[in-house]
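Structure, as structure tokens:
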2 protein chains.
Amino acid sequence: MKLTTKGRYAVTAMLDLALHAKDAPVPLADISRRQGISLSYLEQLFAKLRRNELVNSARGPGGGYRLNRAAEDIPVVAVINAINENVDATRCGGLGNCQDNEPCLTHELWMDLSERIHEFLAGISLGDLVSRREVQAISARQDGRVVERVLMADSSL
Amino acid sequence: MKLTTKGRYAVTAMLDLALHAKDAPVPLADISRRQGISLSYLEQLFAKLRRNELVNSARGPGGGYRLNRAAEDIPVVAVINAINENVDATRCGGLGNCQDNEPCLTHELWMDLSERIHEFLAGISLGDLVSRREVQAISARQDGRVVERVLMADSSL
DNA sequence: ACATTCCATACTATTTTAGTCAAGATATAT
DNA sequence: ATATATCTTGACTAAAATAGTATGGAATGT
Ligand code: FES
Ligand code: FES
């Protein structure tokens, strides 16, 4: 079972994308600023997300990343898998051979747990998260900072 | 979220204990042999399990470890927690402060996931596992080897 | 031309894992 | 008493993973 900052960052970044990708592509620099994730690290994560065809990209000014499918069609588990964090709690990877080519005493337990986790994360899409009220509130707070900054920049003209 | 070989070993060893602690204490050497876990490593794990009062010990010949409570009263999650593997999927440890002292975008998601995992592992006791048929079958297989060895030793007298 | 953005690769400090090893304390059987 | 089985403690370590940083380039819009 692997669920570390890497996977959490990936989901957070994808959710940021889903929240902001109304029209124009979203540059990683924006996500980095809003979510407090190192730009270089984001680049590594998005390389994997792109290889897994969860996002597509556009280079040059005005470029950035876009979701490759509707947010409703991207379950959270797909993002985590794309990052190479598998949601498997067994030691054997489901093969049932981790002790001398036979299932260990607790194989079934970890299989059951893995299934529960998988079900949960497969049942929630980025679209579901976008429509949650607390997510919208947090996103507004994060955008608020940016908006303030833009307004101040405008007022300085 | 941490669930590694360490936690799985601990649960496996405790289940072995539950299966064999009918009367006499069970020495770690037996568990090591049956479950294929390094003896020294088991010693480290049982030091923690003892500090958490999940097991008690008896030294000297005929000594070993015993469950400190009925198997039915030891949920799997207690074993994992005793080993210092917490079943928390958040980054903030539930505090909701992982981004600039405010909850990050995905805080609720990881909270929900943590709760699911905890519920699952708290709802299964060692006693439950002992009474599962596939666990009994695997245990019989493991004991089978030992029994054969004992029989051969006897027949050589 | 130039700034912006993605793209790719290599590097690294720190931490964790999954142990090993050594020395000792304690209880039991003979 | 002595030998042996067993727990108890602490130090040590090789290998892997994490969470990044650093550097340089390639494409694209203005
Ligand atoms: S976890 Fe699957 S066989 Fe041990
Ligand atoms: S995971 Fe709780 S605030 Fe980010």
Side-chain angles (χ1 to χ4, degrees), chain A residues 1-13 17 20-21 24-33 35-68 80 83-86 88 91 98-99 104, chain B residues 1-13 17 20-21 24-33 35-68 80 83-86 89 91 98-99 104:
Chain A
M1 172 76 213
K2 240 188 322 184
L3 181 53
T4 66
T5 304
K6 196 184 334 190
R8 283 189 291 255
Y9 275 175
V11 175
T12 302
L17 204 52
H20 294 92
V26 180
L28 290 188
D30 287 7
I31 301 182
S32 170
R33 183 163 14 87
Q35 306 305 331
I37 306 172
S38 141
L39 178 58
S40 274
Y41 204 37
L42 274 178
E43 283 170 346
Q44 286 179 52
L45 300 181
F46 273 79
K48 292 189 177 185
L49 295 171
R50 198 172 54 93
R51 270 181 239 125
N52 282 70
E53 298 179 334
L54 294 179
V55 298
N56 58 60
S57 59
R59 295 208 258 202
Y65 283 94
R66 272 206 194 90
L67 294 183
N68 209 19
I80 294 177
I83 293 301
N84 287 353
E85 295 204 329
N86 61 342
D88 180 12
R91 178 169 146 87
C98 89
Q99 189 194 358
C104 67
Chain B
M1 172 76 212
K2 238 187 326 184
L3 181 54
T4 65
T5 302
K6 194 182 341 187
R8 282 188 292 255
Y9 274 176
V11 175
T12 301
L17 204 50
H20 293 92
V26 179
L28 291 188
D30 287 6
I31 301 181
S32 170
R33 183 164 15 89
Q35 306 306 331
I37 305 172
S38 140
L39 178 59
S40 277
Y41 204 38
L42 275 178
E43 284 169 348
Q44 283 180 54
L45 300 181
F46 274 80
K48 292 189 176 184
L49 295 171
R50 198 172 55 92
R51 270 181 237 124
N52 283 69
E53 299 179 334
L54 293 179
V55 298
N56 57 59
S57 58
R59 295 206 255 200
Y65 284 94
R66 273 207 193 89
L67 294 183
N68 208 19
I80 294 176
I83 292 303
N84 288 353
E85 295 204 329
N86 63 342
R91 179 169 144 88
C98 89
Q99 189 192 358
C104 67

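This one's a predicted model, so the numbers in the text were calculated from it and none came from an experiment. Below, chain A is the first sequence line, B the second, and so on; all start at residue 1.
Summarising the geometry, the separation between CG on B:Leu42 and C1' on D:dT6 is reported as 14 Å, rounded to the nearest angstrom. For the pair B:Glu85 CD and C:dT17 P, the interatomic distance rounds to 6 Å; values are reported in whole Å. In this structure, B:Asp30 atom CG and D:dC7 atom P are separated by 9 Å, rounded to whole Å. Residue A:Lys6 contributes atom NZ, which lies 14 Å from atom C1' of C:dT16 at whole-angstrom precision. Remark: C1' of D:dT18 and CD1 of A:Ile80 are 16 Å apart, rounded to the nearest angstrom. C:dT26 atom P lies 12 Å from atom CZ of B:Arg50, rounded to whole Å. Atoms CG (B:Asn56) and P (C:dT26) sit 18 Å apart, rounded to a whole Å. Look at CZ on A:Arg8: it is 12 Å from P on D:dT18, rounded to the nearest Å.
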Measure all distances between protein nitrogen or oxygen atoms and nitrogen or oxygen atoms of nucleotides 15-17 of chain D, and list the pairs falling under 3.5 Å.
none

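Comparing C:dA18, D:dT18, C:dC7 by their closest approach to the side chain of B:Thr4 singles out C:dA18.
Considering only side-chain N and O atoms, A:Tyr65 lies nowhere under 4.0 angstrom from the phosphate OP1 or OP2 of C:dT5. Using a 4.0 Å cut-off, some side-chain N or O of B:Thr5 falls inside it from OP1 or OP2 of C:dA18. Taking side-chain N and O atoms only, A:Ser57 has no distance below 4.0 Å to OP1 or OP2 of C:dT5.
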Derivation of the side-chain contact (heavy atoms from CB on, under 4.5 Å) call for A:Ile31 and A:Tyr65: CA-CA 10 Å; A:Ile31 301 182; A:Tyr65 283 94; 6.0 Å; no

side-chain contact (heavy atoms from CB on, under 4.5 Å) evaluation trace for A:Asn86 with A:Lys2: CA-CA 6 Å; A:Asn86 61 342; A:Lys2 240 188 322 184; 4.2 Å; yes

Using side-chain contact (heavy atoms from CB on, under 4.5 Å), reason through A:Cys104 and A:Arg91 one step at a time and then give a plain yes or no. CA-CA 9 Å; A:Cys104 67; A:Arg91 178 169 146 87; over 6 Å; no

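Distance check, rounded to the nearest 0.5 Å: CD of A:Gln44 to OG of A:Ser38 gives 8.0 Å. With rounding to the nearest 0.5 Å, the separation of CZ in A:Arg50 from CG in A:Leu45 is 13.5 Å. Between B:Leu17 atom CG and B:Arg66 atom CZ the span is 10.0 Å, to the nearest 0.5 Å. Interatomic distance, CD1 of B:Ile83 versus CG of B:Asn52, reported as 8.0 Å (0.5 Å rounding).
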Readout for nucleotides 21-30 of chain D: B = base within 4.0 Å of protein heavy atom, S = sugar-phosphate only, - = neither; 5' to 3' it is BB---BSBB-

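Using cut-offs of 30° and 60° on the angle between ring planes, the pair A:Tyr41 and A:Tyr9 is perpendicular.
Taking each heavy atom of A:Leu39 and A:Ala29 in turn, the nearest pair found is CD1-N, 3.9 Å. Residues B:Glu85 and B:Lys6 come closest through the heavy atom pair OE2-CB, 3.8 Å.
At distances below 3.5 Å, not a single donor-acceptor pair connects side-chain atoms of A:Ser32 with backbone N or O atoms of A:Leu28.
Taking five base pairs at each end of the helix from C:dA1-D:dT30 to C:dT30-D:dA1 and finding the rotation axis that steps the C1' atoms of four pairs onto the next four gives two axes whose angle is 10°, to the nearest 10°.
Around CD of B:Glu43, the count of heavy atoms belonging to other residues, nucleotides or ligands within 6.0 Å exceeds 12.
Contacts of A:Phe46 with the nucleic acid, taken as non-hydrogen atoms under 4.0 Å apart, are absent.
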